[in-house]
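Working notes for the structure below.
Letters go in sequence order (proteins before strands), and every chain restarts at 1.
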There are 2 protein chains.
Amino acid sequence: MSKEHSHSLGSVPVPLTPQQRFEEYLRSRGMRNTEQRRILLDYVFGHHQHFDADQLIAQLPPKGEPRYVSRPTVYRTLAEFVDAGLLRKFELDGRAVYEHDYGYPEHDHLYCTQCHKLFEFESEELVQLRDRVAREKKFRVTGHRLIVYGICDRCAKATRRSKRASTLV
Amino acid sequence: MSKEHSHSLGSVPVPLTPQQRFEEYLRSRGMRNTEQRRILLDYVFGHHQHFDADQLIAQLPPKGEPRYVSRPTVYRTLAEFVDAGLLRKFELDGRAVYEHDYGYPEHDHLYCTQCHKLFEFESEELVQLRDRVAREKKFRVTGHRLIVYGICDRCAKATRRSKRASTLV
DNA sequence: ATCATTGCAAAAGATTTGCAAGGTC
DNA sequence: GACCTTGCAAATCTTTTGCAATGAT
């Protein structure tokens with residue numbers, strides 16, 4: 001997805017590293033600390049990006065190489081990360097996108113439909129609005145997902161530039 | 001999806017019926033007014049519900065019957081309705097859901113993860129908040145999608161009831 | 001040794017596409 | 001008659017699953 005990441009967002013102080021927390025999760029469930037899980041956790045928390053399963057797999061070594069992890073295992077493990085509270089998952093254009101959850105504040109997204117990048121923003125006001133609406137309808141909120149669609153500044157500028165250029169020809 | 005529909009939402013006055021507007025759309029594009037398109041338009045605007053392709057197909061007559069429409073044609077036609085501004089499309093649990101757009105006000109949804117019903121609400125404040133955030137980031141908004149996840153009142157009550165019952169046993 | 005986990009191959013579910021036959025303008 | 005549409009079958013794309021082999025505790 002996007003290599004850009006709004007670094008205006010703060011981070012939430014955490015007592016444990018993602019690795020430690022995941023080990024805790026595994027232990028509590030009688031699951032095993034396998035090489036594949038360690039590899040994927042390293043990749044996922046080694047980058048601050050949004051990504052989907054295919055993009056993660058593309059970054060991993062291909063079949064035959066040392067740290068190769070099969071596609072089914074990637075899917076299974078991403079689901080575990082979500083379950084462990086390390087990642088958040090959402091849908092974009094009909095596919096699953098993942099982003100950091102653990103140690104990262106709640107936020108929403110602006111999605112540029114031209115360059116397909118995601119831009120983050122935090123809004124306490126939005127959460128309040130959401131809760132107010134829910135209260136009126138006696139609805140117990142567990143979470144929400146807001147995506148604002150449009151064109152980012154950079155794409156808008158690029159479009160203006162090329163429009164001007166074509167007019168000048 | 002849901003048979004419930006918040007009728008607290010008003011409707012937007014429209015100069016043309018969906019049928020007329022679609023005919024206009026077809027004409028402007030040199031497309032044809034076929035029986036299948038008429039059938040589907042009737043079904044879709046004959047109900048005020050959220051639905052996905054499968055649910056629509058389930059309502060249509062089966063293969064062999066008079067008004068049967070094939071699955072590929074349903075998908076193709078729904079895309080045309082979206083394109084014509086008659087329907088809005090969004091993703092829920094990894095599948096496409098459609099709802100009326102033409103003649104219906106902009107709104108957002110509360111989604112009960114227990115009974116899988118959608119409840120609508122309108123918020124002018126949300127739109128303002130969205131536009132304010134976008135302006136700060138020099139982002140040109142074309143639209144947004146907000147889904148609030150949680151448990152609806154009815155499901156919450158049902159859960160309380162059965163919890164009480166099981167406690168009393 | 002026990003039992004969770006992996007990789008493979010195949011399945012599954014939703015949606016899309018190529019194409020010949022049929023329908024609309 | 002020209003050419004857009006349809007239905008069929010098959011393909012596509014993403015994600016999931018059955019299962020035998022492998023690995024962790």
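- The aromatic rings of B:His109 and B:His107 sit perpendicular to each other, their planes meeting at more than 60°, with 30° as the lower class boundary.
- Residues B:Tyr111 and B:His116 bring a donor and an acceptor atom of their side chains to less than 3.5 Å of each other.
- We find that CZ of B:Phe51 is positioned 12 Å from P of C:dT15, with the value rounded to whole Å.
- The CD1-C1' distance, from B:Ile57 to C:dG13, rounds to 13 Å in whole Å.
- Closest to the side chain of A:Tyr68, out of C:dC8, C:dT6, D:dT6, is C:dC8.
- Computed from coordinates, the A:Asp93 CG to C:dT16 C1' distance equals 16 Å when rounded to whole Å.
- Partners of A:Asp108 under the salt bridge (charged side-chain N to carboxylate O under 4.0 Å, His left out) rule, at least two apart in sequence or in another chain, do not exist in this structure.
- Considering OH of B:Tyr104 and CD of B:Glu99, their distance stands at 8.0 Å, rounded to 0.5 Å.
- We find that CG of A:Leu40 is positioned 13 Å from C1' of C:dT5, with the value rounded to whole Å.
- For C:dG7, one of the phosphate oxygens OP1 or OP2 lies less than 4.0 angstrom from a side-chain nitrogen or oxygen of A:Gln36.
- Taking atom CG of residue B:Leu26 and atom C1' of nucleotide D:dT5, one finds them 12 Å apart after rounding to whole Å.
- Each of A:Thr73, A:Leu41, A:Val74 was compared with A:Gln36 under the side chain to side chain contact (heavy atoms under 4.5 Å, CB included) criterion, and only A:Thr73 meets it.
- Taking the ring centroids of B:Phe45 and B:His100, they lie under the 6.0 Å cut-off.
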>> Strictly under 4.0 angstrom, non-hydrogen atoms only: write out the protein contact profile of nucleotides 15-25 of chain D, one letter per nucleotide from the 5' end, B, S or -.
In response: BBBB----BBS

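- Rounded to whole Å, atom C1' of D:dT5 lies 9 Å from atom CD of B:Glu80.
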